[in-house]
Amino acid sequence: MPIQFPKKPGLVIYLTAGDPDLETTKQIAIAAIDAGADVLELGVPFSDPLADGPVIQRAMERAVGRGVRLTDVLTLCKAIRAERPKGGLILFSYLNPVLRMGMEPFCVAAKAAGADGVLLTDMIVEEASEYMAAMKKHGLAPVFLAAPTSPDDRLKAIAEHTEGFLYAISRTGITGVSSTLSDDASKLVQRIRQFTDKPIALGFGVSNAEHVRTVGEYADAAVIGSAIVAIIEKSTPQEAPAAVAEFVRGLRR
Amino acid sequence: MEHSIIDPVRTLGNGRFGAYGGRYVPETLMAALQELERAYAAVREDQAFQGELAALLKDYVGRPTPLYFAKRLSESLGGAKIYLKREDLLHTGAHKINNALGQALLARRMGKQRIIAETGAGQHGVATATVCALFGMECVIYMGEEDMRRQELNVYRMRLLGAEVRGVGAGSATLKDAINEAMRDWVTNVRTTFYILGSALGAHPYPTMVRDFHRVISREAKQQILEHEGKLPNAVIACVGGGSNAIGAFYEFIPEPNVRLIGVEAGGRGTALGEHAARFSGGLPGVLQGTYSYVLQNDAGQVATTHSVSAGLDYASVGPEHAMLHDQGRATYTSATDTEALDAVKVLSRTEGILPALESAHAVAEAIKQAPKLAKTDVILVNVSGRGDKDMGILAREMELKGAGA
């Protein structure tokens, strides 16, 4: 299933898998797809999420505490895929759990689970040759990130190697909600445009419908993470799928 | 992982130490790491920079440090002659200032006015706060709340020096968690901030740069032991947390095949995962905080919690150059338990009147094990990386010094 953004702007929704529990994440994922999410990022819980802000850190801590592991997230991915054949599914992980499984076995399992692509937070293009070769072999899209601090030569390399979409980081910093979008965001997307026609999704701090509308003026999709994870944190497991669905529907209103 | 390498030990190279090292960081940091790499490569060969660093190391920090023959300790063990490299005598009380000063000079040259650092035992935090005071820089130190509690005196020292100490409550609230939080700060303030990383860890160029700033330890020690003994030591022993004092103490001896290099990790209070910080016996290669090295982790790749009586060794990974030396067999890595380290503090204090840091006491403990097995003409060189004043609270509690006698 190729990653597509038929409606503009597209919506990429991040969930920390296993928060509050794996079954609820599955229900939330299905609800989010039905509410209009084009791509779901299934976050693999990790003990040391150094690129994440407090909201996702807490979600990861809860999921790690419950013993949720990469193999569980792959099983979850497969279950979501079984119920929703369409809709992009990305596995979003720090590198170490993937290394522990082994790059090749991971790619085999990710493909079997119906994932479309993988995003590794702490994998930069220079270190990625083995990773990219394994991804290519198994028909998976490696999604790379670009930052406002990335100089043009790095943006060019990132644009060349990313598949599915390019994840543009709106600001210097960690994940988390913010009241306004950084001025860095549109400038970064314009700079990336010089190098690629691949879809560009903008994330970090994208928190509400107004932000999504603004992102739609210059990017192909918006990534919403911490705002969703915060809703899940405040909801009971029974309420969470409907609460997330309502929020996702509201993002494009 | 396969990587081409061009003599990574002897040059700034590509940040690889065999298969280890590299750069595994959020993209946002890459421009800063590349800027740092270029700036460091430039000062590495710069006479003016190296001259200024050498002058400050001499006049401000107190280098060279003595190499002291521990006669009573050696005689009491009845074996090899034990020499102590006295990094504990440096300004601020540990080797950490060698690196903090070097990086602060580099930060100043790069025009960065805001400094951040992490600290475990507080010695790197104190060293960083000290050099920031010296150069009039803003200083923020991240420290695990558990470490703030057990190394309280160093928290006061940092604050007195004008640094802001930010407690980190996540995870086990120790060194690893402090590094996570420092990296989050750096990602956020990367345009204005210089991160003075305190050990030979993290993404390239840190492991190489930090090692270079500590190379002076073995450069001096090699010359000093030749002056004292007319020969090289049979073994060099150093404690290994992240591994900065050890790589500094080992480095000039690496090309000397007859010198055994022994790193001592924290054996903690048991061999189960979570009870120690012995990465080479309990860990597997993985990526933590920017570098590929041995990591204590579970079978799902979650990084394990660690335990050591010494905050400075209480860390789940280890510098990548040590990982290479381990795999090559060039260095061997062993461990000392909490109890052995505490005993070593007492032994060194009472035979030589030298109170080592709990970290350094792990190296002393290994020397106590090794010396009796060697001949009286053999020589062991122990790096006493820091002094133990900071540990008096722990020592008083653990040794019941408050009672009638220990």
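Lettering of chains follows the sequences in order, A, B, ..., and the numbering in each one begins at 1.
Both the backbone and the side chain of Gln289(B) come within contact range of chain A, with heavy atoms under 4.5 Å apart. For Asp299(B), the parts sitting under 4.5 Å from any heavy atom of chain A are the backbone and the side chain alike. Residue contact with chain A, scored on non-hydrogen atoms closer than 4.5 Å, involves the side chain of Leu284(B) exclusively. With a 4.5 Å cut-off on non-hydrogen atoms, Ile158(A) touches chain B through its side chain but not through its backbone. The part of Val190(B) that comes within reach of chain A is its side chain, from C-beta onward, which places non-hydrogen atoms under 4.5 angstrom from that chain. Residue Leu70(A) does not touch chain B at all, counting heavy-atom pairs closer than 4.5 Å. For chain B, no part of Asp72(A) is nearby; none of its heavy atoms comes within less than 4.5 Å.
Here the two rings, on Phe92(A) and Tyr14(A), have centers that are under 6.0 Å apart.
Between Val73(A) and Pro45(A), the closest heavy-atom pair is CG2-CD, 3.9 Å.
For the residue pair Thr174(B) and Asp147(B), no side-chain donor N or O sits within less than 3.5 Å of a side-chain acceptor on the partner.
Counting heavy-atom pairs under 4.5 Å between each of Met183(B), Gln34(B), Met30(B) and chain A puts Met30(B) at the top. Interface check for chain A: of the options Val25(B), Thr305(B), Asp177(B), the most heavy-atom pairs under 4.5 Å are formed by Val25(B).
Heavy-atom neighbours of chain B within the stretch residues 181-205 of chain A, taken at a separation under 4.5 angstrom, comprise Asp184(A). Below 4.5 Å, heavy atoms of chain B meet heavy atoms from Leu145(A), Ala146(A), Ala147(A), Pro148(A), Thr149(A), Ser150(A), Pro151(A), all part of residues 145-153 of chain A.
Between Tyr333(B) and His322(B), the two ring planes are perpendicular [angle over 60°; tilted spans 30° to 60°]. Using the six-membered ring where Trp is involved, Tyr292(B) and Tyr20(B) have ring planes that are parallel, under 30° apart on the 30 and 60° scheme.
Of the options Met103(A), Arg100(A), Glu127(A), a side-chain contact (heavy atoms from CB on, under 4.5 Å) to Leu95(A) is made by Met103(A) and by none of the others.
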